[in-house]
2 protein chains.
Amino acid sequence: MAAGTKGVARAEREAQIVEVACRVFGEHGYAATSVADVAAAAGISKPLIYQYFGSKDGLYVAALRAAAAVLVGEIERTAALGAVGIDRAVVTLDGMFRVLADRPWLWRLVFDATAPREGEVAAVLAEHEQRLVVLGSDGVGDLLALVGNTDPDDLSALRAVWENTFRTLVGWWLDHPDVTPEAMSARCQRLFAVVLSGSVP
Amino acid sequence: MAAGTKGVARAEREAQIVEVACRVFGEHGYAATSVADVAAAAGISKPLIYQYFGSKDGLYVAALRAAAAVLVGEIERTAALGAVGIDRAVVTLDGMFRVLADRPWLWRLVFDATAPREGEVAAVLAEHEQRLVVLGSDGVGDLLALVGNTDPDDLSALRAVWENTFRTLVGWWLDHPDVTPEAMSARCQRLFAVVLSGSVP
DNA sequence: CCGTGGTAACTTACTCCCGAGTCATATCCC
DNA sequence: GGGATATGACTCGGGAGTAAGTTACCACGG
């Protein structure tokens, strides 16, 4: 490949690289992805990525910010709809299924267990996590308030359970690509109803 | 350090290495742990580990088997007690808290997201996961049967939710080392009661 | 209209480091 | 001597990051 410019402006090239990086990082995970992999997938060379993003983590942060803007933004959007209880849960999940339908890799990118736990990446992850904690505590808090429970540790634990339930249901859906968002939302509604029906001894 | 024997028999040395490996792998994760780290922690040299376990994965498999024997064994033990519904959940969690109290690192070892997804390690992980799936489907199946739901995908998804709820509660507890097993079991019972009370709109 | 120099876009071909895995050798005990 | 236990000092590969050079475009003076 010749060394010279291809006439692609920096902003445009950066956007293209970020999009490719979202996909590659999301599909294979941070640890298993090399900068050379992303460069190859984008049809460019490694040093260009370093010139534009500085480091592997810099690239990852850019991809993470782009993905989180979509996903956390969607969660905040549905939260603002004002549904409560089961309805709020189902509406939130339904919105997520629709957003992920044509770019499912964004999910694994944002919740990548192999991402570094320190440095700028960790800071960005913590920032998004904090937004989710606020939203989750809100919904779960209503539930605890109904029974007069004000223990902060109970709230913290139950919020964690809810977040992981959310993650698990989305993860299950991603593992079953034949299931439509509509069918999956219906399944969630059904399962919540079973659990919350109080039919357990 | 002199090269000669220290008079430690192979079986004894292997047991010691496995114990140390459980701790180091469990505390830092598979990916972030080098064989040299384990050797240093055990007070021996790297080639001895290779002589006894063949490879990093071989060592990891040995540690995994030892840890899973304890943890999955405990889950199977409590499952055999015959409790149902919330009681079964609480009994299972309670047993786990007690087992983990003096060696909490075993948990992160068995559920390490940075462990390889292929090769012998993956096979061993899948084997233990399968045992958990059987147990989880059992408990969750009762719940669905009560409302006449026989959809296998509903069972699969709800089982996944339960397993992750379990993992989340244990993980939360590990992040709050001041909470005693007794207090944590009480918290779980309380939270289950809230959710299953059907008090949601 | 035609250089011509400056700048932005881009690549080849490296260095460097870290961790997995190995080889040759040393010590101890029977 | 011989086998089991042990280690220092390597090789090797892969991925992060870099140095130096190449090509295209564009603004300007002639």
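In the text below, chain A, chain B and the rest are named by the order of the sequence lines, each starting its count at 1.
Following rounding to the nearest Å, I17(A) (CD1) and dA9(C) (C1') show an atom-to-atom distance of 11 Å. Protein atom CG of L59(A) is 16 Å distant from nucleotide atom P of dG15(D), rounded to whole Å. At whole-Å resolution of the value, OH in Y52(A) and P in dA8(C) are 10 Å apart. Remark: P of dC28(C) and CZ of R10(B) are 21 Å apart, rounded to the nearest angstrom. We find that CD1 of I49(B) is positioned 14 Å from C1' of dT5(D), with the value rounded to whole Å. The separation between Q51(A) atom CD and dA8(C) atom C1' is 8 Å, rounded to whole Å. Distance NZ (K46(B)) to P (dT11(D)): 13 Å, rounded to an integer number of Å. Straight-line distance from the CD1 atom of I44(A) to the C1' atom of dA8(C): 15 Å, rounded to whole Å.
Annotation: of the two residues near DNA chain C, S55(B) and S45(A), the 5′-most nearest-nucleotide partner is S45(A). Residue A9(B) is the one, among A9(B) and P47(B), whose nearest nucleotide of DNA chain D lies closer to the 5' end (criterion: closest heavy atom).
Counting only N and O atoms by type, the side chains of D112(A) and T114(A) include a donor and acceptor under 3.5 Å apart. Looking only at atom types and distance, the side chain of S156(A) has no donor-acceptor partner in the side chain of D153(A) under 3.5 Å away.
With dA6(D), dG21(C), dG17(D) as the choices, the nucleotide that has an atom nearest any side-chain atom of K56(A) turns out to be dG17(D). Checked against dA20(C), dA6(D), dG17(D), the side chain of V8(B) finds its nearest nucleotide in dA6(D).
At a threshold of 4.0 angstrom between heavy atoms, the contacts of S34(A) are confined to the sugar-phosphate backbone, with no base atom among them. Counting non-hydrogen atoms under 4.0 angstrom, F53(A) reaches nothing in the nucleic acid.
Considering CG of L109(B) and CG of L64(B), their distance stands at 5.5 Å, rounded to 0.5 Å.
Cation-pi check for K56(A) over F25(A) is not met; the charged atom does not lie both under 6.0 angstrom from the ring centroid and within 45 degrees of its normal.
Between H176(B) and W172(B), the ring-plane angle classifies as parallel under the 30° and 60° cut-offs.
Residue R13(A) places at least one side-chain N or O closer than 4.0 Å to OP1 or OP2 of dC10(C). The side chain of Y50(B) places no N or O atom within less than 4.0 Å of a non-bridging phosphate oxygen (OP1 or OP2) of dC23(C). For K6(A) and dT11(C), the shortest distance from a side-chain N or O to OP1 or OP2 is below 4.0 Å.
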